[in-house]
A.B. asks: 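This is the structure I have questions about; it appears just below.
The model shown is predicted, which means the values in this text are computed figures rather than measured ones. Note: hydrogens, waters and symmetry copies are ignored here, and every other heavy atom, side chains too, is used.
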Amino acid sequence: MRSEASLGLKVAAIGGLLFLHLPILLIFLYAFTTEERTYEFPPPGLTTQWFGVAWNREDIWPPLYLSLKVAAISTALAMILGTLVAAAMARARFFGRDQISLLILLPIALPGVITGMSLRSAFGIMDIPFSTWTIVLGHATFCIVIVYNNAVARMRRLSGGIMEASADLGANSFQTFRYVLLPNLGSALLAGGMLAFALSFDEVIVTTFTAGQQSTLPIWMLNELVRPRQRPVTNVVAIVVFAATFFPILIAYYLTRGGSETAGMGK
Amino acid sequence: MTASAILRPRGPADRLTGLFWRRPGLLLLLLITPPLLWLGVVYLGSLAALLLQSFYSIDEFSGVVKEEFTLKTYAELFRPQNLDIILRTVVMAAAVTLTCAILAFPIAYYAARYAKGPWKAAFYLGVMLPLWSSYLVKVYAWKLILAKEGILGWAAEGTGTGFIITGILSIPGLEGSSLSTSPFGTFLVFVYIWLPYMILPMQAALERVPTTMLEASADLGATRSQTFRTVILPLALPGVIAGSIFTFSLTLGDYIIPQIVGDSARFIGLAVYQLQGTAGNIPLAAAFAVVPILIMLIYLTLAKRAGAFDAL
Amino acid sequence: MNAAVEFQNVSRHFGPVKAVDRVDLTIAEGSFFAMLGPSGSGKTTCLRLISGFEKPTGGQIRIFGEDVSTTPPHLRNVNTVFQDYALFPHLNVRDNVAYGLMVKGVGRSQRYAKADDMLALVKLDGYGDRKPAQLSGGQRQRVALARALVNEPRVLLLDEPLGALDLKLREAMQDELKALQHRLGLTFVFVTHDQHEALSMADHLAVFNEGRIAQIGTPQDIYDRPATRFVADFVGSSNVLPPEMTQALGGPAQWASLRPEATRLAATGPITGTVTALRYLGSGTRVVLDANGTEIAALVPAGLPVPAEGDRTAIAFDQKALHLMEGA
Amino acid sequence: MNAAVEFQNVSRHFGPVKAVDRVDLTIAEGSFFAMLGPSGSGKTTCLRLISGFEKPTGGQIRIFGEDVSTTPPHLRNVNTVFQDYALFPHLNVRDNVAYGLMVKGVGRSQRYAKADDMLALVKLDGYGDRKPAQLSGGQRQRVALARALVNEPRVLLLDEPLGALDLKLREAMQDELKALQHRLGLTFVFVTHDQHEALSMADHLAVFNEGRIAQIGTPQDIYDRPATRFVADFVGSSNVLPPEMTQALGGPAQWASLRPEATRLAATGPITGTVTALRYLGSGTRVVLDANGTEIAALVPAGLPVPAEGDRTAIAFDQKALHLMEGA
Amino acid sequence: QVTEIGAAEGQVNIVAWAGYIERGETMKEFDWVTKFEAASGCKVNVKTANTSDEMVALMNEGGFDLVTASGDASLRLIAGDRVQPINIDLIPSWSTVDERLKDAPWHTVDGVHYGVPYMWGPNVLMYNTEVFKEPPTSWNVVFEEMTLPDGQSNKGRVQAYDGPIHIADAAQYLMFHKPELGITSPYELNEDQYKAALDLLRTQRTLVSRYWHDAFIQIDDFKNEGVVASGSWPFQRNLLQSDNQPIASVIPQEGATGWADTTMMHVDAANPNCAYMWMEHSLSSNLQADLAVWFGANPAVPAACTDGRGMSTAETCTANGMDDFEKIRFWTTPVSNCSQGDGACVPYYRWVSDYIGVIGGR
Ligand SMILES: Nc1ncnc2c1ncn2[C@@H]1O[C@H](COP(=O)(O)OP(=O)(O)OP(=O)(O)O)[C@@H](O)[C@H]1O
Ligand SMILES: Nc1ncnc2c1ncn2[C@@H]1O[C@H](COP(=O)(O)OP(=O)(O)OP(=O)(O)O)[C@@H](O)[C@H]1O
Ligand SMILES: [Mg+2]
Ligand SMILES: [Mg+2]
C-alpha cells in the first residue's frame, strides 16, 4: 500500500537508526578529547592534535598495510571462488547441491571463534608457520559466502535466456562469459567484493587465531584499547576507516540498487 | 545465403565449448572443484582437526596435550560450571536474537515499504555504516556509555531517571554495580553490535513481499494489524530466520564483548578463547566448540526447512 | 435499477501523468461492465479508485449512492480479483478463500464450511488442502475468484483476470464467469485490453483512451457505431475511411467506419484497389486492398473464391453499413 | 525443395515427462512452419532441440541433411527469437544486433554497418543508441528479430514472439514477420498456442499434443479436415459430433467435425436443439444449442436475426461440410 | 644447553607481563630496551600475556625465545619440557643475583637452573583514599560484605583477580582467620580447605562487579566504575598515582601472596644468542632499579637498591617489601602430591575449572 507509514512505525524506525548511530557519534567526539589514557565523560577538553599524532605514529602503518593486503588478497580469492560456486549453483540442480549450499554458509553460520580455532589447530597439526597467508586462509573462507550471495542473487534475476541467446548467436562459452555474464554480474560482484573487503578489514575474532605474532589493524586497535596510550588515536583511526568505507558502501548500494527494487516488485 | 548450416570450430575455445556441451557434468565439475577443495578441504578439514582434538586430553600439570583417544574431555564438558556456560550463552543468544528481531523489524519494514529515493539510500547507509565501522571501537564506546560514571549515568543524573538504571540493575540475574558490569550491559552491547545483521536480510525479505499481497489482504477486509500478522509476518519469516542465524551464531561465538562489558561470567566464545589461548587446554576448548557447531547445525537444518537460505 | 458505482468528474493524476482524467461513469447494479482500452489508458487506475487503493485527485466516487472518499479499502464491500491473483503463498487454498472471513472474526468451522461452498462454486472441490503453487493458472484464477466472492461483495472488480491463460482455457473461463455473474446477480467490473473478450462478455462497456472515456455503451453500440476514430480503430477491425473517401462514397465530409464483414468483393463497386495482403482466418479470408493510399479490408467467407495478391478488385457494400463518426 | 530440418523419431524425455515423444517431422527449406499446441505440449522443447539447447534422448535431428548430434548450439547456423526476447540489458540496441558478428570477430565499423542495415530492415533506424529498457514491447521484439537475422541464419526459430503484445500490435507484427520471411526467403519455424496466428501465418503447421504430433499439414488441411478430435477441438472452434450423431445425419458411425460457419439457423433441419448460450463476436453471434446432450455451435452473421436463450431452433448445413475424423 | 654465545640473530621474542619490558612508550623515563637493541643488535619483540595460564599456552604454542614466568607457571613449563636449562656460566651477572633467589625452587629442579630471576613482589590491596581515610588493615574488605568507611556497602565496588591462582588469596585469608582449617600453605589445600576457600570466593562473587585480568582495564574501572578496593599490583597503583588519582596500596595483616618471576628460555628458541644477551642485560642493576620503581616491586639484584645506577633507592626497596621476602607466599603451581601427602591436595587443573564455576556464580 502506498499510504503513509503510521507514526509508531516512523518513531520506531528512526529510533532504531539513532540507536545504531549514537555510539558512533561518541567515537567521533572522543577523537577530539584532550584526555589521553581513559575515556571520561564529558570530555575535559577538545583538540585536533590526535590526527597529527596518529599520522606520526609509525606503529600504525605496518598493521594498516597488513590489513589492506590481507583484505585485498582475501577479497580477490573470495570473488573467484564465490563466483565459481555461484555459477555452478545457478546451473541445473545436481546431486549434493543442498549440501554444498550448507557448506558455503557454514563459515559465517558457525561462530568465528570456531573457524579461527579450527584453522589454528590445523596449522598446528600441519606445522604451517603463521604468515599473511594463514590470515588470508581464514578471511577468504568466510568472504566466499558474501560474494556468493551477491552473485547468486543476481544470477537468479538474470534471465537464463541471455546466456542461451549468446550461444545461439554463435558465442562460445568463453565469449559468453566475457561479453554477457561478466558485464551483467559485474556490479553484483563488485558490491560483494566491497562488502567482503570491509568484513575482512575489520575482522578480529578469527584473525587473533590465525595471525600468530602479526598485527592487523583491528589487532593493533585491540592492543591499543586494552593498553591505553593516546587512546584517542584509536578513535581517529576508526574515523578514518569509517570515512574511507562511506563511499564504497554508497557505491555498492547504487550498483545493486536495481536488484532490490526488482526483487521487491517480483513475485 | 551461402553459409553452411553447421559451422566448423574456429579454435580451441569452440572445441572446448563443444566438449562442455556434450558433457555438461564436466563444466560443473570444473566450476565446483576449486571452491569445494577450499571449503571442503581447508575448512572442513580444519573443523575435523579441531573435533579430533576434543578426543584428546591435557596433562593437568604441564598443560601439554596428550594425543590419545579419550572421552575424558567430554566428561569434563558436562561439569555443572561448563553446563552453566552453555546455558548462559544459549539464553543470551536467544534473548539477543529475539530483541534484535523486534528492534530490526520497524527499521527493515520502513526501509522496505516506505523509504524511497534518497531516503532509501539513507536507510541503507544508516544500517551499513555501523556494520562496517570498527567493531572494537564501538564496543569500547559502549563501555564508556554504560560505565557508572559514563554517559548514561550522567544523562540519568541530569534528567532524574537514574531510578530506571537502578531498577534494571536490581532485577535478579541482571545485578551489577553499573550497566557496564551487569549482564544487561553485555546483552545491550550484543544487541547493538549484531542489529545490522538482522536488519539486512529482514529488509530483503520484506522487499520481496509483493504489494498486491497487502492490497489483497486489505481488499478482503483486513485491518493493518491483521495484514501485518497474517500476511507480512509469515512472508517475512525466512528473512527473520536468516537474520537470526547471524545474530545467534555471532553471539554464540563472540569473546570480546563479554570480556569488556559484563560481570566476567564466561560465555562459550570466551570460554573457548580462554581455554585455547589463555589456558592452553585445546581439548576442552575443542569439546566446547562442538556445542555451538551442534546448535548451529540443528538451527540451520530448521532454517533451511523454513526456506531461509534464499533470504540470506 | 440502482447505480452500483458512480464516478462524477473523477481524476487521478500522478504528477504530470493524467492516469484518469475527468471521468463520468455509472455502473448499473447487477450488470457486467467491461473497461476496454490500450495499455496505459487508465483502466487499472479506475478499478483501484473503486477499491480504494488510489484516492481521486478530483471528483467524487459513490458506491451504492454513498460517497466513499473517506472509506479505507478494507471497509468497502467491494472485492477484487487481481491480475496476478495475489494468492497468499503461505496459506493453503481453503485458508486463502476463508481469509476474508477470518479477518472478520468468523469461527473456524463456519468459515471453512463457507470456503468449501465457494470452492464448489468455482468447481475446485477437493483442492482445499493444496498450496497455491501446486495449482495451474486457471485453477489459481478460480481460487482468486472464490476468495473475492466469499465476502459476498456487492461489486466484484476483475483486473484482466484471464490475461495469462491460453485461448482455450480463456474461453472456458469467460463462459464460467459470465454464468457465475448471472447466477449470483452481482455487479462485475471487468478490465481487459482484449476487445473480443469485452464484446462477448459485457452488458455495457467503456472504451478508455489516455485516461478518458472515449465511448460508453452496449457492445453492439461500440462495435457497430463507434463514436470516434480511436474506438473504430481499437475495437474490432473496422476500416476507417477519411472524410474525402466518405464524401466520394456519397456521404458527408466526415470520418466513417466500415466493417469488413459488411463488404463483399465485386467486379465493380464504389471502391477499387489492389490486393496487398491475404490473411487466412479459417472461417474466411481477410483481403486487404490499397485504395488510393487508404487500406481497406474485406472479408471473404470460406468457400468463396479469393483473389491473389496484386490483383485489382472492387468492394461493394450496403450504404447503411457506412457509419459516420465524430470529428477526431 | 530441400529439407531444412528433419526429425527422425526424436524423443526428449525429462525423467517420466515425455516432453517430446517419437516425433517425425520435415520442415521444407524456405517455408513458414508453425508449431501449434496447448501449453506443455512440447513446442518449446522441439525448438530447443533444433537450436541445440536440449539434446534428444532418442532419434536423430538433421539440419540441411547434416546430423547435429555432436554440434553445440553456437556452431549451428540457426538463430532464435526468444519468447522474452532475451536482449542483452547491458548493450545498446546496435551492440545487441551486432553481437553475433562481434563474437565471430567482424570488425567494428563493418559490424555496425551491418547492424544498422538490419535495424533498417525491421524499421528501427535511429534506435541504435538506446538501451533495451528504453524500448516498447513491439520494438524489443523487432530488435530480437534483427539480432537473430544478422548472422544470416539458414533457419530462424521464433518461440511465441508475439505472446506478450496486445492484439493491435500483434496483428501488425504478424504482417511484418510474414512479409520479412517472404523477402528473405528464410525458413521460419514459429511456435504459438494461438490458432488464429498459426492459421494466418503458416505455410505448413504441426499440431502438438502431449509431446506428439497430432496432425501436420497446410492451414486449410488442419482447419477443414482435422485428423483427430483433439485437432478439431483445439483448432478453430469446430463442433465435434459423436459417431451416433454422424450416423443419424447420414454418415458412417465415426466422429465428425462441423464448422460453425458452415451452418445456418433454419426452421427445420437435421439437428434441433435448445439455445443455451449466445456470444456476441462483433462480426456475428455464436449461438450454442444443446442437441440431445451434444453442444453444437452455429454462427449467425451480423445483421441476421438471433434467437433468444431457451428458444428451440434447428441447424441446416451442406452435407459436404461434415468432415469425418479418425477414431480417437 | 648452550655452551657459547655466538653472533646476534637480530631479534628476540619475549612473552612478558604487562609493564615488564618498557621502551619508553608509556612514560619516557622508563626505557630499558632501546639501548639494549642498539648495543646488541637484537630487536626486542614483546607479547604481553595477562595470566600465567596464557603464558604457558603461548610457550606451548612456540615461536618465542623467552618468557617472564611466575612461579605458578615456571614448574609447569619445566615439566612440559617447554624450557631449557640455562648455562649460568654464560651469564656474568649471575653472581649479583639475590642469594634468596639463586636456587629458588620455582626455577631450580634437581640443581639445574631453568632461568634467570627477574623480579619479585607482593599482590597488594589497592584502595581509594577518599573512601579509606585510614588504610584498610584486612583483606576482608574484598572478601566479606561490609560497610566501608564512607558509609556505603562494599557490594559492587570491589574487584578480584580473574585467575585461578586467586584461590590462594582466599586460602591465605582463611589461614589467618580460620586457623582450625589447618592450612599451612595456600598452594597446598586438601579437599576441606579447598572447599572452604571456594565458599569464601563464592561470597566474594556477590561483592565483585567485575573480575580483572588486564591491568589497564582495572585502571579504567577504578576511574570510571567506582571500584574502591581490589587485590592488585603495585604497577596499577603507580600508574593511577601518576595520574593524580586518590589511590594507595597496603599489605594487610593477613600478609600477601606474591610473585617471583624468572626469565626462562624456550627449548626451541630460534634466537638463543640474543636470548642470552637479554638475560644478561636483564640483570644489569640499572635496569633492575628502574623496573623495580616502575612496577613497584623488588629487584632480583640487591645492588640495584643501593648502587644508584637506576631510580631505586634503599627506601623504595624497603617500601616495596624488599625485607618482607619471607612473609610473602610466592605463587607456585598447586599439585596433588604435596606436603600433606601424595594425592592429598587439590591439583591446579581443578582450580582452573572450579574458579570458572565460581565466576559463573556456581
Ligand atoms: N503509481 C503511479 N505513479 C505514476 N504513474 C502511474 C502510477 N500508476 C499508474 N500510472 C500511470 O498511469 C497511466 C495509467 O495506468 P494504468 O495502470 O491505469 O493503465 P492500464 O490501462 O491498466 O494499462 P495496462 O493495460 O497496461 O494494465 C499509465 O501511464 C501509468 O504509467
Ligand atoms: N527442463 C525440464 N525439466 C523437466 N520437465 C520439462 C523441462 N522442460 C520442459 N519440461 C516439460 O516438458 C513438457 C513440454 O514443455 P514445453 O516447454 O516444450 O511446452 P510448450 O509446448 O512450449 O508449452 P507452453 O505453451 O506452455 O510454452 C512440459 O510438461 C514441461 O513441464
Ligand atoms: Mg492495468
Ligand atoms: Mg513454450
Side-chain angles (χ1 to χ4, degrees), chain B residues 57-65 76-77 79-89 140 143-151 153 169 173 175-183 185-186 258-267 270-271 273-282 284-285, chain E residues 49-61 73 75-82 155-160 162-164 205-214 217 220-221 223-227 333-337 347-362:
Chain B
S57 64
I58 191 164
D59 182 273
E60 282 133 15
F61 183 67
S62 66
V64 176
V65 176
E76 207 170 322
L77 183 64
R79 288 224 193 112
Q81 59 261 45
N82 291 339
L83 291 180
D84 273 355
I85 293 175
I86 293 169
L87 187 70
R88 183 183 302 126
T89 311
Y140 270 86
K143 189 176 166 220
L144 173 63
I145 294 173
L146 298 175
K148 191 173 223 156
E149 276 137 49
I151 294 178
L169 292 177
E175 297 99 333
S177 62
S178 75
L179 285 175
S180 122
T181 58
S182 148
T186 323
Q259 253 184 115
I260 295 173
V261 179
D263 65 351
S264 297
R266 302 298 193 262
F267 287 84
L270 186 54
Y273 174 71
Q274 290 189 332
L275 285 169
Q276 194 275 164
T278 315
N281 191 346
I282 292 177
L284 185 56
Chain E
N50 291 314
T51 61
S52 290
D53 297 330
E54 191 175 347
M55 282 191 173
V56 174
L58 286 170
M59 289 300 278
N60 283 342
E61 194 180 280
L75 289 181
R76 278 190 276 159
L77 291 170
I78 296 167
D81 291 331
R82 292 295 97 194
K155 206 166 175 178
R157 301 167 74 201
V158 299
Q159 287 190 332
D162 188 359
R205 176 72 187 103
T206 63
L207 307 176
V208 166
S209 58
R210 171 155 55 214
Y211 289 79
W212 72 273
H213 64 254
D214 184 303
I217 290 184
D220 266 0
D221 288 345
K223 281 188 185 172
N224 287 336
E225 289 287 359
V227 176
T333 307
V335 293
S336 51
N337 301 340
Y348 186 66
Y349 81 91
R350 282 191 47 205
W351 288 41
V352 175
S353 61
D354 289 335
Y355 196 58
I356 288 178
V358 168
I359 292 179
R362 182 169 284 275

A.B. asks: Heavy-atom distance under 4.5 Å to chain B: side chain of E:Asp354, backbone, both or neither?
C.D. replies: both
A.B. asks: Is the shortest heavy-atom distance from the side chain of E:Ile217 to the side chain of B:Lys143 under 4.5 Å?
C.D. replies: yes
A.B. asks: Counting C-beta onward and ignoring hydrogens, is there a side-chain heavy-atom pair between E:Val227 and E:Arg157 closer than 4.5 Å?
C.D. replies: no
A.B. asks: If I take atom OG1 from residue B:Thr186 and atom CG from residue B:Leu179, how far apart are they, to the nearest 0.5 angstrom?
C.D. replies: 10.0 Å
A.B. asks: Of all of B:Arg79, B:Glu76, B:Arg88, B:Gln81, which one pairs up most often with chain E through heavy atoms under 4.5 Å apart?
C.D. replies: B:Gln81
A.B. asks: Between E:Arg210 and B:Ser180, is there a donor-acceptor pair closer than 3.5 Å when you use the side chain of the first and the backbone of the second?
C.D. replies: yes
A.B. asks: Within the structure provided, determine whether E:Val352 and E:Tyr348 are in side-chain contact (heavy-atom separation under 4.5 Å).
C.D. replies: yes
A.B. asks: Which one of E:Met59, E:Arg205, E:Arg350 has the most heavy-atom pairs closer than 4.5 Å to chain B?
C.D. replies: E:Arg205
A.B. asks: Below 4.5 Å from any heavy atom of chain E, which atoms of B:Ile85 appear? Answer side chain, backbone, both or neither.
C.D. replies: side chain
A.B. asks: For chain B, which candidate among E:Gly357, E:Ser209, E:Gly156 shows the most heavy-atom pairs at distances under 4.5 Å?
C.D. replies: E:Ser209
A.B. asks: Under 4.5 Å heavy-atom distance to chain E, tell me which part of B:Asp263 shows up: side chain, backbone, both or neither.
C.D. replies: both
